[in-house]
2 protein chains.
Amino acid sequence: MHILDIKPETVFQALSESTRLRIMRLLCVTGEEACLCEFVDALLEPQYKLSRHIKILKQAGLLSTLKDGRWVYHRLVTSSEYLQQLHTSIIMMTDYEGFYQEDIKRFNQRMFIRESGRCRVGVQNTKLLEDNIKNKTDRS
Amino acid sequence: MHILDIKPETVFQALSESTRLRIMRLLCVTGEEACLCEFVDALLEPQYKLSRHIKILKQAGLLSTLKDGRWVYHRLVTSSEYLQQLHTSIIMMTDYEGFYQEDIKRFNQRMFIRESGRCRVGVQNTKLLEDNIKNKTDRS
DNA sequence: AGCAAATATGCATTAGTATGCAACTATGCA
DNA sequence: TGCATAGTTGCATACTAATGCATATTTGCT
(Lines give C-alpha, C1' and ligand atoms only; values in the text may rest on other atoms or scores of the structure.)
Protein backbone atom coordinates (compact mmCIF):
# COMPACT_ATOMS: atom_id res chain seq x y z
CA MET A 1 0.00 0.00 0.00
CA HIS A 2 1.54 3.26 -1.14
CA ILE A 3 1.31 6.28 1.12
CA LEU A 4 -0.70 8.13 -1.50
CA ASP A 5 -3.39 5.47 -1.39
CA ILE A 6 -4.04 6.11 2.29
CA LYS A 7 -6.66 8.74 3.01
CA PRO A 8 -5.67 11.59 5.33
CA GLU A 9 -8.60 10.84 7.62
CA THR A 10 -7.29 7.30 8.07
CA VAL A 11 -3.99 8.68 9.31
CA PHE A 12 -5.63 11.04 11.80
CA GLN A 13 -8.01 8.28 12.84
CA ALA A 14 -5.01 6.13 13.73
CA LEU A 15 -3.66 8.98 15.86
CA SER A 16 -6.97 9.57 17.64
CA GLU A 17 -6.53 6.94 20.33
CA SER A 18 -4.43 7.49 23.44
CA THR A 19 -2.52 4.19 23.43
CA ARG A 20 -1.60 4.63 19.78
CA LEU A 21 -0.41 8.17 20.46
CA ARG A 22 1.79 6.84 23.25
CA ILE A 23 3.37 4.40 20.81
CA MET A 24 3.90 7.12 18.21
CA ARG A 25 5.25 9.62 20.70
CA LEU A 26 7.69 7.07 22.06
CA LEU A 27 9.08 6.35 18.61
CA CYS A 28 9.10 10.01 17.54
CA VAL A 29 10.95 11.18 20.63
CA THR A 30 13.48 8.36 20.87
CA GLY A 31 13.97 7.73 17.17
CA GLU A 32 14.19 4.03 18.03
CA GLU A 33 12.59 0.91 16.68
CA ALA A 34 11.12 -1.57 19.14
CA CYS A 35 9.49 -4.95 19.37
CA LEU A 36 6.19 -5.76 21.00
CA CYS A 37 7.59 -6.97 24.32
CA GLU A 38 9.56 -3.75 24.65
CA PHE A 39 6.39 -1.74 24.11
CA VAL A 40 4.63 -3.83 26.75
CA ASP A 41 7.37 -3.04 29.26
CA ALA A 42 7.37 0.65 28.37
CA LEU A 43 3.60 1.30 28.30
CA LEU A 44 2.50 -1.36 30.78
CA GLU A 45 -0.40 -2.42 28.60
CA PRO A 46 -1.31 -6.00 27.69
CA GLN A 47 0.44 -7.45 24.72
CA TYR A 48 -2.70 -8.29 22.71
CA LYS A 49 -3.87 -4.72 23.08
CA LEU A 50 -0.63 -3.20 21.83
CA SER A 51 -0.42 -5.76 19.04
CA ARG A 52 -3.76 -4.62 17.69
CA HIS A 53 -3.02 -0.91 18.04
CA ILE A 54 0.28 -1.38 16.23
CA LYS A 55 -1.60 -3.12 13.45
CA ILE A 56 -3.84 -0.09 13.04
CA LEU A 57 -0.84 2.24 12.92
CA LYS A 58 0.70 0.01 10.26
CA GLN A 59 -2.47 0.02 8.17
CA ALA A 60 -2.47 3.81 8.33
CA GLY A 61 1.03 3.80 6.88
CA LEU A 62 2.58 5.23 10.03
CA LEU A 63 4.70 2.23 11.04
CA SER A 64 6.67 -0.38 9.17
CA THR A 65 7.76 -3.73 10.44
CA LEU A 66 10.87 -5.89 10.33
CA LYS A 67 10.75 -9.49 11.43
CA ASP A 68 13.79 -10.97 13.15
CA GLY A 69 13.18 -14.50 14.34
CA ARG A 70 10.49 -14.49 16.98
CA TRP A 71 10.79 -10.73 17.40
CA VAL A 72 9.05 -8.15 15.26
CA TYR A 73 10.52 -4.66 15.20
CA HIS A 74 8.34 -1.64 14.55
CA ARG A 75 9.60 1.70 13.38
CA LEU A 76 8.29 5.00 12.03
CA VAL A 77 7.77 5.42 8.32
CA THR A 78 9.66 8.58 7.43
CA SER A 79 9.61 8.34 3.66
CA SER A 80 7.37 11.35 3.05
CA GLU A 81 7.69 14.97 4.10
CA TYR A 82 4.08 14.88 5.15
CA LEU A 83 4.79 12.17 7.72
CA GLN A 84 7.87 13.95 9.03
CA GLN A 85 5.74 17.02 9.53
CA LEU A 86 3.25 14.94 11.50
CA HIS A 87 6.06 13.56 13.67
CA THR A 88 7.01 17.11 14.53
CA SER A 89 3.41 17.78 15.57
CA ILE A 90 3.41 14.68 17.73
CA ILE A 91 6.60 15.72 19.48
CA MET A 92 5.05 19.14 20.15
CA MET A 93 1.94 17.70 21.80
CA THR A 94 1.38 18.63 25.42
CA ASP A 95 2.42 16.14 28.09
CA TYR A 96 0.59 17.90 30.86
CA GLU A 97 0.59 14.98 33.26
CA GLY A 98 3.98 13.64 32.23
CA PHE A 99 2.61 10.27 31.13
CA TYR A 100 4.52 10.25 27.85
CA GLN A 101 7.70 10.98 29.77
CA GLU A 102 7.09 8.00 32.05
CA ASP A 103 6.72 5.74 29.01
CA ILE A 104 10.03 6.98 27.67
CA LYS A 105 11.76 6.47 30.99
CA ARG A 106 10.61 2.84 31.23
CA PHE A 107 11.49 2.35 27.58
CA ASN A 108 15.05 3.57 28.06
CA GLN A 109 15.50 1.28 31.04
CA ARG A 110 14.26 -1.62 28.95
CA MET A 111 16.63 -0.79 26.11
CA PHE A 112 19.57 -1.33 28.48
CA ILE A 113 19.08 -5.09 28.42
CA ARG A 114 19.34 -5.39 24.67
CA GLU A 115 22.27 -7.46 23.38
CA SER A 116 24.11 -6.14 20.33
CA GLY A 117 21.22 -3.78 19.75
CA ARG A 118 18.70 -6.61 19.60
CA CYS A 119 15.98 -7.65 21.98
CA ARG A 120 16.74 -11.13 23.33
CA VAL A 121 14.08 -11.50 26.01
CA GLY A 122 10.30 -11.22 26.37
CA VAL A 123 8.17 -9.14 28.71
CA GLN A 124 10.11 -8.22 31.87
CA ASN A 125 7.83 -5.90 33.82
CA THR A 126 5.17 -8.55 34.41
CA LYS A 127 4.63 -7.39 37.97
CA LEU A 128 4.43 -3.70 37.03
CA LEU A 129 2.04 -4.54 34.20
CA GLU A 130 -0.33 -6.45 36.46
CA ASP A 131 -0.28 -3.66 39.03
CA ASN A 132 -1.05 -1.14 36.30
CA ILE A 133 -4.02 -3.13 35.00
CA LYS A 134 -5.27 -3.68 38.55
CA ASN A 135 -5.11 0.05 39.34
CA LYS A 136 -7.18 0.83 36.26
CA THR A 137 -9.95 -1.63 37.04
CA ASP A 138 -10.01 -0.42 40.65
CA ARG A 139 -10.53 3.13 39.47
CA SER A 140 -13.48 2.25 37.24
CA MET B 1 -11.07 25.90 27.66
CA HIS B 2 -7.33 26.45 27.32
CA ILE B 3 -5.49 24.61 24.59
CA LEU B 4 -3.37 22.82 27.20
CA ASP B 5 -6.49 21.29 28.73
CA ILE B 6 -7.37 19.55 25.46
CA LYS B 7 -5.90 16.09 25.07
CA PRO B 8 -3.87 15.41 21.91
CA GLU B 9 -6.09 12.44 21.06
CA THR B 10 -9.11 14.75 21.06
CA VAL B 11 -7.46 16.95 18.47
CA PHE B 12 -6.59 14.03 16.20
CA GLN B 13 -10.03 12.57 16.75
CA ALA B 14 -11.53 15.81 15.46
CA LEU B 15 -9.36 15.52 12.36
CA SER B 16 -10.26 11.88 11.74
CA GLU B 17 -13.45 12.51 9.79
CA SER B 18 -13.49 13.45 6.13
CA THR B 19 -16.01 16.29 6.30
CA ARG B 20 -14.14 17.90 9.17
CA LEU B 21 -10.86 17.58 7.27
CA ARG B 22 -12.48 19.33 4.32
CA ILE B 23 -13.46 22.20 6.59
CA MET B 24 -9.98 22.41 8.07
CA ARG B 25 -8.24 22.15 4.73
CA LEU B 26 -10.41 24.90 3.31
CA LEU B 27 -9.52 27.26 6.13
CA CYS B 28 -5.83 26.29 6.18
CA VAL B 29 -5.39 26.80 2.45
CA THR B 30 -7.40 29.99 2.06
CA GLY B 31 -6.57 31.58 5.41
CA GLU B 32 -10.15 32.83 5.48
CA GLU B 33 -12.91 32.79 8.02
CA ALA B 34 -16.36 31.68 6.93
CA CYS B 35 -19.93 31.31 8.12
CA LEU B 36 -22.03 28.19 7.99
CA CYS B 37 -23.94 29.05 4.80
CA GLU B 38 -20.64 29.63 3.02
CA PHE B 39 -19.43 26.21 4.09
CA VAL B 40 -22.66 24.68 2.83
CA ASP B 41 -22.13 26.25 -0.58
CA ALA B 42 -18.48 25.21 -0.70
CA LEU B 43 -18.78 21.61 0.53
CA LEU B 44 -22.32 20.90 -0.71
CA GLU B 45 -23.25 19.18 2.53
CA PRO B 46 -26.42 19.78 4.56
CA GLN B 47 -26.35 22.61 7.04
CA TYR B 48 -27.14 20.53 10.13
CA LYS B 49 -24.29 18.20 9.29
CA LEU B 50 -21.69 20.94 8.94
CA SER B 51 -23.01 22.72 12.02
CA ARG B 52 -22.34 19.65 14.10
CA HIS B 53 -18.91 18.96 12.63
CA ILE B 54 -17.89 22.56 13.25
CA LYS B 55 -18.98 22.16 16.84
CA ILE B 56 -16.66 19.18 17.24
CA LEU B 57 -13.75 21.14 15.73
CA LYS B 58 -14.47 23.95 18.18
CA GLN B 59 -14.53 21.60 21.14
CA ALA B 60 -11.15 20.25 20.04
CA GLY B 61 -9.78 23.79 20.16
CA LEU B 62 -9.18 23.91 16.41
CA LEU B 63 -11.73 26.61 15.53
CA SER B 64 -12.95 29.76 17.19
CA THR B 65 -16.13 31.59 16.50
CA LEU B 66 -17.25 35.18 16.06
CA LYS B 67 -20.91 36.02 16.02
CA ASP B 68 -22.13 38.83 13.76
CA GLY B 69 -25.89 39.16 13.79
CA ARG B 70 -27.44 36.07 12.35
CA TRP B 71 -24.12 34.98 10.92
CA VAL B 72 -21.46 33.05 12.81
CA TYR B 73 -17.93 33.20 11.46
CA HIS B 74 -15.53 30.34 12.05
CA ARG B 75 -11.78 30.64 11.85
CA LEU B 76 -8.68 28.65 12.70
CA VAL B 77 -7.15 28.96 16.13
CA THR B 78 -3.50 29.81 15.49
CA SER B 79 -2.43 30.79 18.98
CA SER B 80 -0.06 27.89 19.55
CA GLU B 81 2.94 26.68 17.60
CA TYR B 82 1.60 23.16 17.90
CA LEU B 83 -1.57 24.09 16.01
CA GLN B 84 0.35 25.95 13.31
CA GLN B 85 2.43 22.83 12.83
CA LEU B 86 -0.75 20.82 12.43
CA HIS B 87 -2.04 23.29 9.84
CA THR B 88 1.11 22.71 7.85
CA SER B 89 0.47 18.97 7.98
CA ILE B 90 -3.08 19.49 6.80
CA ILE B 91 -1.95 21.58 3.85
CA MET B 92 0.52 18.84 2.93
CA MET B 93 -2.13 16.11 2.87
CA THR B 94 -2.67 14.37 -0.43
CA ASP B 95 -5.57 15.51 -2.60
CA TYR B 96 -5.38 12.56 -4.92
CA GLU B 97 -8.87 12.95 -6.36
CA GLY B 98 -8.88 16.74 -6.27
CA PHE B 99 -11.88 16.93 -3.96
CA TYR B 100 -10.31 19.48 -1.64
CA GLN B 101 -9.53 21.63 -4.65
CA GLU B 102 -13.15 21.54 -5.75
CA ASP B 103 -14.25 22.73 -2.33
CA ILE B 104 -11.84 25.64 -2.56
CA LYS B 105 -13.03 26.55 -6.02
CA ARG B 106 -16.68 26.69 -4.95
CA PHE B 107 -15.65 28.56 -1.82
CA ASN B 108 -13.83 31.25 -3.78
CA GLN B 109 -16.82 31.71 -6.04
CA ARG B 110 -19.04 32.09 -3.03
CA MET B 111 -16.72 34.66 -1.47
CA PHE B 112 -17.30 36.93 -4.47
CA ILE B 113 -20.80 37.77 -3.32
CA ARG B 114 -19.71 39.05 0.07
CA GLU B 115 -20.43 42.72 0.74
CA SER B 116 -17.73 44.70 2.52
CA GLY B 117 -16.10 41.43 3.45
CA ARG B 118 -19.22 40.14 5.19
CA CYS B 119 -21.66 37.45 4.22
CA ARG B 120 -25.07 38.98 3.61
CA VAL B 121 -26.99 36.02 2.17
CA GLY B 122 -27.82 32.44 3.09
CA VAL B 123 -27.28 29.22 1.17
CA GLN B 124 -27.03 29.85 -2.57
CA ASN B 125 -26.17 26.49 -4.12
CA THR B 126 -29.44 24.85 -3.09
CA LYS B 127 -29.74 23.06 -6.42
CA LEU B 128 -26.12 21.86 -6.43
CA LEU B 129 -26.49 20.70 -2.84
CA GLU B 130 -29.59 18.64 -3.61
CA ASP B 131 -27.91 17.09 -6.64
CA ASN B 132 -24.88 16.22 -4.55
CA ILE B 133 -26.96 14.54 -1.84
CA LYS B 134 -28.97 12.70 -4.49
CA ASN B 135 -25.82 11.38 -6.18
CA LYS B 136 -24.56 10.01 -2.88
CA THR B 137 -27.75 8.15 -2.04
CA ASP B 138 -27.90 6.76 -5.57
CA ARG B 139 -24.40 5.35 -5.20
CA SER B 140 -25.17 3.56 -1.93
C1' DA C 1 -45.57 42.13 17.27
C1' DG C 2 -44.77 38.91 13.59
C1' DC C 3 -42.29 36.89 9.97
C1' DA C 4 -38.22 35.18 7.52
C1' DA C 5 -33.70 33.57 7.58
C1' DA C 6 -29.30 31.64 9.78
C1' DT C 7 -27.92 28.42 12.89
C1' DA C 8 -28.30 24.79 16.50
C1' DT C 9 -29.97 20.46 18.54
C1' DG C 10 -33.05 16.27 20.39
C1' DC C 11 -34.09 11.84 18.98
C1' DA C 12 -33.83 7.37 16.70
C1' DT C 13 -31.07 4.53 13.86
C1' DT C 14 -27.03 2.65 12.06
C1' DA C 15 -22.25 1.82 11.83
C1' DG C 16 -17.78 1.60 13.64
C1' DT C 17 -14.27 0.98 17.50
C1' DA C 18 -11.95 -0.79 21.78
C1' DT C 19 -11.31 -4.50 24.96
C1' DG C 20 -10.79 -8.93 27.51
C1' DC C 21 -10.50 -13.68 27.15
C1' DA C 22 -8.92 -17.55 25.10
C1' DA C 23 -7.10 -19.93 21.40
C1' DC C 24 -4.08 -19.74 17.64
C1' DT C 25 0.37 -19.38 14.69
C1' DA C 26 5.32 -19.07 14.17
C1' DT C 27 9.96 -19.59 15.51
C1' DG C 28 14.20 -21.02 18.00
C1' DC C 29 16.31 -24.39 20.71
C1' DA C 30 17.18 -28.65 23.47
C1' DT D 1 10.32 -33.99 17.62
C1' DG D 2 8.57 -31.43 21.37
C1' DC D 3 8.44 -27.44 24.18
C1' DA D 4 8.73 -22.64 25.45
C1' DT D 5 8.13 -18.10 23.97
C1' DA D 6 7.00 -13.92 20.89
C1' DG D 7 3.31 -12.40 18.60
C1' DT D 8 -1.56 -12.58 16.33
C1' DT D 9 -6.49 -13.07 16.02
C1' DG D 10 -11.69 -14.77 16.55
C1' DC D 11 -15.45 -13.83 19.26
C1' DA D 12 -18.63 -11.49 22.45
C1' DT D 13 -19.57 -7.23 24.60
C1' DA D 14 -19.64 -2.42 25.61
C1' DC D 15 -19.06 2.13 23.91
C1' DT D 16 -18.74 5.87 20.82
C1' DA D 17 -19.68 8.37 16.64
C1' DA D 18 -22.25 9.81 12.24
C1' DT D 19 -26.56 10.78 10.01
C1' DG D 20 -31.34 12.25 8.66
C1' DC D 21 -35.45 14.22 10.08
C1' DA D 22 -37.89 17.41 12.42
C1' DT D 23 -37.98 21.05 15.51
C1' DA D 24 -36.10 24.74 18.25
C1' DT D 25 -33.48 29.10 18.90
C1' DT D 26 -31.70 33.53 17.68
C1' DT D 27 -31.73 37.72 15.29
C1' DG D 28 -32.87 41.41 11.85
C1' DC D 29 -36.39 43.66 9.46
C1' DT D 30 -40.91 45.65 8.44
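By convention in this document, chain letters (A, B, ...) are assigned in the order of the sequence lines, proteins followed by strands, and residues within each chain are numbered from 1.
Here A/His53 reaches the OP1 or OP2 of C/dT19: one of its side-chain N or O atoms lies under 4.0 Å away. Note on A/Arg20: a side-chain N or O is less than 4.0 Å away from OP1 or OP2 of C/dA18. Contact annotation: B/Lys49 side-chain N/O to D/dC21 OP1/OP2 distance is not under 4.0 Å. Between B/Ser51 and C/dT7, a side-chain N or O to OP1/OP2 separation shorter than 4.0 Å is absent. Proximity of A/Tyr48 to the phosphate of C/dG20: a side-chain N or O atom is located under 4.0 Å from OP1 or OP2. Contact check, A/Lys55 against D/dT8: no side-chain N or O comes under 4.0 Å of OP1 or OP2. Residue B/Lys67 places at least one side-chain N or O closer than 4.0 Å to OP1 or OP2 of D/dT27.
When each of A/Gly69 and A/Pro46 is assigned the nucleotide of DNA chain C with its nearest heavy atom, A/Pro46 is the one assigned upstream, toward the 5' end.
Using a cut-off of 4.0 Å between Lys/Arg side-chain N and Asp/Glu carboxylate O, A/Lys136 and A/Glu130 are scored as not salt-bridged. For B/Glu97 and A/Lys7, the salt-bridge test fails: no basic side-chain N is under 4.0 Å from an acidic carboxylate O. Ion pairing of B/Arg20 with A/Glu9 is absent here, as no side-chain N (NZ or NE/NH1/NH2) approaches a carboxylate O to less than 4.0 Å.
Residue contacts for B/Leu50: at a heavy-atom cut-off of 4.0 Å it reaches no nucleic acid atom on any strand shown. Across all strands shown, A/Val121 has heavy atoms under 4.0 Å from sugar-phosphate atoms exclusively, and none from any base.
By the 30° and 60° cut-offs, the orientation of the rings of A/Phe12 relative to B/Phe12 is parallel.
As rounded to whole Å, 7 Å separates atom P of C/dA8 from atom CD1 of B/Ile54. Spacing between atom CD1 of A/Ile56 and atom C1' of C/dG16 amounts to 11 Å, rounded to whole angstrom units. The distance between atom CH2 of B/Trp71 and atom C1' of C/dT7, rounded to the nearest whole Å, is 11 Å. As rounded to whole Å, 14 Å separates atom C1' of D/dG7 from atom CD1 of A/Ile23. Atom CD in B/Gln13 sits about 9 Å away from atom P in C/dA18, given to the nearest Å. At whole-Å resolution of the value, CG in B/Asp41 and C1' in C/dA6 are 13 Å apart. For the pair A/Gln59 CD and D/dT9 P, the interatomic distance rounds to 9 Å; values are reported in whole Å. If you measure from atom NE2 of B/His74 to atom P of C/dT7, you get 7 Å, rounded to the nearest angstrom.
Between the side chain of A/Arg52 and the base of D/dG7, no donor-acceptor pair under 3.5 Å is found. Applying the 3.5 Å distance criterion, the base of C/dG28 shares no donor-acceptor pair with the side chain of A/Arg120. Under 3.5 Å, the side chain of B/Gln47 and the base of C/dA8 form at least one donor-acceptor pair of N or O atoms.
Nearest heavy atom pair, residue A/Arg75 against residue A/Leu66, reads NH2-CD2, 4.4 Å.
The only member of B/Leu76, B/Ile6, B/Leu83 that meets side-chain contact (heavy atoms from CB on, under 4.5 Å) when paired with B/Leu62 is B/Leu83.
Out of D/dA4, C/dA18, D/dA18, the shortest distance to the side chain of A/Arg70 is found at D/dA4.
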